[in-house]
Amino acid sequence: MKLIAVVAGLIAVEGAALSIQSNLQSPVQSVLKHSQALSRQPNILFIITDDQDLQLNSTSYTPFISKHLREQGTFFRNHFVTTALCCPSRVSLWTGRQAHNTNVTDVNPPYGGYPKFVERGFNENFLPVWLQNAGYDTYYTGKMFNSHTIYNYDSPHVNGFNGSDFLLDPYTYSYLNSTYQRNHDPPVSHEGEHTIDVITGKALGFLDDALDGERPFFLAVSPVAPHSNVDPGDISSGNIYMSAPIPLKRHEHYFQDIKVPRAANFNPNQPSGVSWVHDLPLLNQSTVDYNDHFYRSRLRALQGVDELVDSLITRLEASGQMDNTYIIYTSDNGFHIGQHRLPPERLEDIRVPLFIRGPDVAKGHVQDAVTTHVDLAPTLFYLAGIPARDDFDGAPIPVTPGLDGERHEHVTVEYWGSAVAEGAFSGIGPGGSAFIPNNTYKSVRLLGRGYNLYYSVWCNNEHEFYDLLTDPYQLNNLYQTTSQANGDEPQILGRSLTQAINRLDALLMVLKSCQGVTCIQPWDVLHPLDPVDTLLDALDEEYDGFYGAQPRVSFSWCDAGYIVAAEGPQVPLTSRHGVSWEIWV
Ligand SMILES: *[C@@H]1O[C@H](CO)[C@@H](O)[C@H](O)[C@H]1NC(C)=O
Ligand SMILES: *[C@@H]1O[C@H](CO)[C@@H](O)[C@H](O)[C@H]1NC(C)=O
Ligand SMILES: *[C@@H]1O[C@H](CO)[C@@H](O)[C@H](O)[C@H]1NC(C)=O
Ligand SMILES: *[C@@H]1O[C@H](CO)[C@@H](O)[C@H](O)[C@H]1NC(C)=O
Ligand SMILES: *[C@@H]1O[C@H](CO)[C@@H](O)[C@H](O)[C@H]1NC(C)=O
Ligand SMILES: *[C@@H]1O[C@H](CO)[C@@H](O)[C@H](O)[C@H]1NC(C)=O
């Protein structure tokens, strides 16, 4: 019975893909219209910080970024990364693909890092290469990937850039002794200089080169702030010690009275979250004080980035090319400090800032549409007038009025391997290590009309379900309440929690192995012929039997990488034309 349904499902998916492609015609047509409207392909300045939070208010402390980008551009307040870890997140960003499709899922080999990026063939096939082929001059300075080192930087060199000057491990996060490596030259140590001063000089130099060129340019600037400081001596086999970031001298005294926002999830009296988080002890006063110091250090370190942005914009304004330049500002993943009693780290922090300024971008506007990092490469293609690639797992975001269509409501979230705790009290992993293993999970975040939900399945098969409308700080895991008698369960959109979870689990089943259009329109995989585009549509009682019969997302064991055999059922059932699967079979 199951087999028949699965085969029928596969046939139906092909049909769905066709019909969706025809729906996507209009953005492609507007791509051409858009690039014709500009005198030539626009320039792109892309600034990406490291570990910058949105939820902890960091963007309230960067006045130049507010002035140049927030006030002169659009703030995408529902922007998410799909993997909250730098290297997987950056590879997804520069390829337009979910981490399960890049299989670069970690910061180090065998599952991630620069060697894995190269091994997977992306060095010949990623954004800067595509942009060069489409007529751009491309430049990059700062951190590219993890495990991009003083030993492997030339085997091979990173492709796709006319000019590059990369930070290299093990000095990437060494604020006062960074190593940069320019084009095909050997690495250069910058002992005694502050990494933000170094990158500011390099970024302005590349901007001058780019402005002098005949072709439009793409310049990416990736400062390491506000990431923690790590010197090579802080890394030993099997452990790592990360201390608070080091600000520029002139910012050291800033924000003396500022503390981590004391939201309800800061060091809460009642524990919350999955078991390993739930088991964390209440933080004592010395740890809380340290966390506040850590937070201030991050804000201070960000001041250098704020000034860097000001310098770049000032130079662009002087060049007369501002009218033909998009400026994008974001980070690779979010961060937390003391929330849910956790030490400084990034394990589930999917929210990051995204500001975009440029031709036709609304000024001082706040955009609510759900957008993700895998949408950014498709967005750059759109802005540059390049037709989208079939392997993009995202779609252009509504940067300009032409793109203001109805967008999807989901974010596909995935993570494999360890979380890494930082700071003086980071030894919370086994044996007092900073590494907390088994942080492998899959989740879906859903933001629709009248709902805001988060559902996750961990590799030990623990589940979380949060209703963020009533519980914005995720303190009350509703999943356990499904065992209550049906009538007493919390209601989601007028249906019982069990019914809502049945839908979200099936959606997650699609998303965890989606590719291309099925990542963008996942409900069409479940309902190729039904009028279902949202959770609300799927909650119709008519589909209760269909969703009740679905296989569930689960794990056979916790693995540190994307090992399909560990990840349970892969294929959902498919509904037919208003007739649920059970009746149809
Ligand atoms: C940048 O590199 C591309 C690809 O190699 C090349 O076609 C283009 O001429 C280069 N631009 C400059 C300014 O050298
Ligand atoms: C700075 O880095 C260089 C290598 O790039 C190293 O030789 C030197 O010892 C470092 N200096 C300090 C103070 O750690
Ligand atoms: C965020 O920062 C702004 C500017 O300093 C401040 O007014 C506001 O109270 C902060 N919010 C929180 C939650 O700390
Ligand atoms: C506070 O907690 C930390 C981390 O558990 C511990 O190392 C430290 O000794 C504690 N400090 C005091 C004063 O109890
Ligand atoms: C992590 O998961 C593995 C495999 O599921 C298990 O053997 C191991 O005990 C877990 N480690 C911890 C610290 O929970
Ligand atoms: C991902 O990479 C790992 C390490 O090379 C490999 O073992 C695994 O099979 C790959 N996963 C998939 C789905 O290809």
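Atoms within a ligand are numbered from 1 in the order they appear, just like the ligands themselves.
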Starting from [atom], find the nearest protein heavy-atom neighbour and note its residue, name and distance.
atom                    : answer
atom 6 (C) of ligand 1  : Arg215 NH2, 3.9 Å
atom 7 (O) of ligand 6  : Ile563 CD1, 3.6 Å
atom 4 (C) of ligand 4  : Phe425 CD2, 3.6 Å
atom 2 (O) of ligand 4  : Asn284 ND2, 2.4 Å
atom 13 (C) of ligand 1 : Asp137 OD2, 3.4 Å
atom 9 (O) of ligand 6  : Tyr562 O, 4.1 Å
atom 14 (O) of ligand 6 : Asn103 ND2, 3.6 Å

Subset of ligand 6 atoms that lie under 4.0 Å from at least one heavy atom of Tyr111: 3 (C), 4 (C)
Those atoms of ligand 6 less than 4.0 Å from some heavy atom in Val564: 13 (C)
From Phe46, Tyr114, Phe161, Trp130, residue fulfilling ring-ring contact (aromatic ring centres under 6.0 Å, His included) relative to Trp94: Phe46
Qualifying residue for salt bridge (charged side-chain N to carboxylate O under 4.0 Å, His left out) with Lys202, from Asp208, Asp209, Asp165: Asp165
Numbered atoms of ligand 4 (with element) below 4.0 Å of Ser286, judged on heavy atoms: 1 (C), 11 (N), 12 (C), 13 (C)
Close-contact set for ligand 4 against Thr287 heavy atoms, below 4.0 Å: 1 (C), 2 (O), 3 (C)
Option from His278, Gln339, His340 for which side chain to side chain donor-acceptor pair (under 3.5 Å) with Ser272 holds: His340
Greater than 12 external heavy atoms within 6.0 Å of Tyr473's OH: no
Gln285 CD: over 12 foreign heavy atoms closer than 6.0 Å: yes
Side chains of Ser147 and Asn108, donor plus acceptor under 3.5 Å: yes
Residues Asn284 and Thr287: side-chain donor-acceptor under 3.5 angstrom: yes
Charged N-O contact under 4.0 Å between Asp50 and Arg90: yes
Lys116, portion touching ligand 6 at heavy-atom distance under 4.0 Å: side chain
Within reach of ligand 6, part of Thr105 (heavy-atom separation under 4.0 Å): neither
Cation-pi geometry met for Arg298 and Phe335 (6.0 Å, 45°): yes
Element-labelled atoms of ligand 1 that are located less than 4.0 Å from some non-hydrogen atom of Asn162: 1 (C), 2 (O), 3 (C), 8 (C), 10 (C), 11 (N), 12 (C), 14 (O)
